[in-house]
Trainee: 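Before I ask anything, let me first share the structure, which is written out below as structure tokens.
Nothing here was measured: the structure is a model prediction, and the numbers come from that model. In what follows, every chain begins at residue 1, and chains take the letters A, B, ... in the order their sequences are listed.
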Protein chains: 2
Amino acid sequence: MSTLTPPPRHPAGLAQKLADSGLRSTPQRELVYEVLLTKRDHPTADEVFARVKPELPGISLATVYNCLETLVQCDLVRAVNFERGPTRYCPNLRPHAHFHDEVTGQTHDVDLPETLFTKLKSELPPGFDANAVEITFRGKAKSCAN
Amino acid sequence: MSTLTPPPRHPAGLAQKLADSGLRSTPQRELVYEVLLTKRDHPTADEVFARVKPELPGISLATVYNCLETLVQCDLVRAVNFERGPTRYCPNLRPHAHFHDEVTGQTHDVDLPETLFTKLKSELPPGFDANAVEITFRGKAKSCAN
DNA sequence: GCCTTCTTTAGAATTATTCTAATTATCGCT
DNA sequence: AGCGATAATTAGAATAATTCTAAAGAAGGC
């Protein structure tokens, strides 16, 4: 029987993006990324750790931190910080804002037109050159389709 | 000689705003607030502590945290969080955004037209009701007037 | 197959913040 | 002025989030 390469359950882009930065694709990195893609609720490092552990019981929290940091470096994931509290991770790379529900504590992605981000940057006084804009809303979401 | 009330060096609003919330005006609260108003570089609690200590050597870090939290509760100060790292404090109450200079690490206030904030909120999908928007730019500021 | 480099790991260390219990200050009342 | 109730501050311990360190484990190139 010939050796079979198991089909990759993880997005094709990952290995490539990592390689672009001279980094290797590892089971840990793949799984952490997969977990982020699967449940997009902006988990903390601890939460990612909990979700990853059943699949890869030997993994350590430090590794989860390492992997997350690596994914951020490779532009596969964004780190977001709301008020005090742990950093959260978001695999949505399209330009979008975050809506932080003050009641449930949940964070929702809100797609906004690219033009809005451009417009915002254009409002900056001369001398300021922004390469990123972050927008965070805070309030109540009475989800119609709940 | 009659007892003289020393002229308050701190903004008149403070005592009033505190009273509105059933809180007292204390030397610690006044000084912490004054320090924030004097150097508006978005200091951390530790930095505020360092600035306050020469004036009030007995003050404790816990008190600085308490005072800052109190000021935030009274809507005299805003707490801002950029990426990981300690919370920073900002006494600018006008609607504004923050520009985080990636080179120097400094944070600048950027006044934006109120209309922009309104417009942003109106872009939210139905069901989302925001009572606050935070905008953070990230990039390089080649300050013309430096 | 060996050497180098990259990665992961466990645990210690660091940093930021909050909590706790005791002390001190202030306010209103008499 | 004196007293009791409440509010605020304090020092230090406790917690939470993250980073660091040093050692062990994997992978790739020759």
Side-chain angles (χ1 to χ4, degrees), chain A residues 3 5-6 10 14-33 35 42-50 52-53 55-74 77 79-89 105, chain B residues 3 5-6 8 10 14-33 35 42-50 52-53 55-74 76-77 79-89 105:
Chain A
T3 34
T5 316
H10 47 275
L14 176 57
Q16 189 52 58
K17 281 258 194 176
L18 285 167
D20 290 351
S21 306
L23 300 169
R24 295 174 187 163
S25 191
T26 69
Q28 290 87 346
R29 284 171 182 168
E30 286 164 13
L31 186 53
V32 164
Y33 188 41
V35 152
H42 306 83
T44 64
D46 262 323
E47 286 163 351
V48 172
F49 183 49
V52 146
K53 207 159 191 183
E55 197 91 12
L56 217 60
I59 200 169
S60 84
L61 179 56
T63 299
V64 171
Y65 273 102
N66 290 343
C67 292
L68 289 169
E69 180 58 20
T70 300
L71 294 173
V72 169
Q73 292 308 306
C74 295
V77 164
V80 281
N81 285 87
F82 309 117
E83 52 217 22
R84 31 215 108 175
T87 299
R88 297 178 168 277
Y89 297 87
Chain B
T3 33
T5 314
H10 46 274
L14 177 57
Q16 189 52 57
K17 281 259 196 175
L18 286 168
D20 289 351
S21 305
L23 300 169
R24 295 174 187 163
S25 190
T26 68
Q28 290 87 345
R29 285 171 181 169
E30 286 164 12
L31 187 53
V32 164
Y33 188 41
V35 151
H42 306 83
T44 64
D46 262 323
E47 286 163 353
V48 171
F49 182 49
V52 146
K53 207 158 191 183
E55 197 90 13
L56 217 60
I59 200 169
S60 82
L61 179 56
T63 300
V64 171
Y65 272 103
N66 291 342
C67 291
L68 289 169
E69 180 58 20
T70 300
L71 295 173
V72 169
Q73 292 309 306
C74 296
L76 285 158
V77 164
V80 280
N81 284 87
F82 308 117
E83 52 217 23
R84 33 217 107 177
T87 299
R88 297 177 168 278
Y89 296 88

Trainee: Rounded to whole Å, how long is the line connecting atom CD of B/Glu69 with atom C1' of C/dT17?
Mentor: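 The answer, rounded to whole Å, is 11 Å.
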Trainee: Dump the pairs, protein N or O against N or O of nucleotides 6-11 of chain C, anything under 3.5 Å, distances to one decimal.
Mentor:
{"residue": "C/dC6", "atom": "O4'", "partner": "A/Arg24", "partner atom": "NH2", "Å": "3.4"}
{"residue": "C/dT7", "atom": "OP1", "partner": "A/Arg24", "partner atom": "N", "Å": "2.8"}
{"residue": "C/dT7", "atom": "OP1", "partner": "A/Arg29", "partner atom": "NH1", "Å": "2.6"}
{"residue": "C/dT8", "atom": "OP1", "partner": "A/Thr26", "partner atom": "OG1", "Å": "2.6"}
{"residue": "C/dT8", "atom": "OP1", "partner": "A/Gln28", "partner atom": "OE1", "Å": "3.4"}
{"residue": "C/dT8", "atom": "O3'", "partner": "A/Gln28", "partner atom": "NE2", "Å": "3.2"}
{"residue": "C/dT9", "atom": "OP1", "partner": "A/Gly58", "partner atom": "O", "Å": "3.3"}
{"residue": "C/dT9", "atom": "OP2", "partner": "A/Ser60", "partner atom": "N", "Å": "3.3"}
{"residue": "C/dT9", "atom": "OP2", "partner": "A/Thr63", "partner atom": "OG1", "Å": "2.5"}

Trainee: Starting from C1' on D/dA17, measure out to CG on A/Asn81 and report it in whole angstrom.
Mentor: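 From A/Asn81 CG to D/dA17 C1': 11 Å.
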Trainee: For A/Thr44, answer base if it contacts any base atom (sugar-phosphate contacts may also be present), sugar-phosphate if it contacts only those atoms, and nothing otherwise; contact means non-hydrogen atoms under 4.0 Å.
Mentor: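 No contact.
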Trainee: Where do A/Arg88 and A/His42 come nearest, in terms of heavy atoms and distance?
Mentor: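 The pair with the smallest heavy-atom distance is NH1-O, 2.7 Å.
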Trainee: Determine whether B/Ser21 and B/Gln73 satisfy the following criterion, side-chain hydrogen bond (donor to acceptor under 3.5 Å, both in side chains), listing intermediate values before the conclusion.
Mentor: CA-CA 9 Å; B/Ser21 305; B/Gln73 292 309 306; over 6 Å; no
Trainee: If you define the side chain from C-beta out and look only at heavy atoms, does anything of B/Glu55 sit under 4.5 Å from B/Val35?
Mentor: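 Of all side-chain heavy-atom pairs linking B/Val35 with B/Glu55, none is under 4.5 Å.
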Trainee: In whole angstroms, how far is the P atom of C/dC27 from the CG atom of B/Leu18?
Mentor: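 Roughly 12 Å, once rounded to whole Å.
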Trainee: Output, in order, the C-alpha distance, side-chain angles, deciding distance and verdict of side-chain contact (heavy atoms from CB on, under 4.5 Å) for B/Leu18 and B/Cys74.
Mentor: CA-CA 6 Å; B/Leu18 286 168; B/Cys74 296; 3.8 Å; yes
Trainee: For the residue pair A/Thr87 and A/Ala79, what are the closest heavy atoms and their distance?
Mentor: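 For A/Thr87 versus A/Ala79, the nearest heavy atoms are CG2-CB, 3.8 Å.
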Trainee: Please confirm whether the shortest side-chain N or O distance from B/Tyr65 to OP1 or OP2 of C/dT17 is below 4.0 Å.
Mentor: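 For B/Tyr65, the contact criterion (side-chain N or O under 4.0 Å from OP1 or OP2 of C/dT17) is met.
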Trainee: Who pairs with B/Arg84 by salt bridge (charged side-chain N to carboxylate O under 4.0 Å, His left out), at least two apart in sequence or on another chain?
Mentor: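 By the salt bridge (charged side-chain N to carboxylate O under 4.0 Å, His left out) rule, B/Arg84 matches A/Glu69.
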Trainee: Is the phosphate of C/dA16, meaning OP1 or OP2, less than 4.0 Å from a side-chain N or O of B/Arg84?
Mentor: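 So the side-chain polar atoms of B/Arg84 never come under 4.0 Å of the phosphate oxygens OP1 or OP2 of C/dA16.
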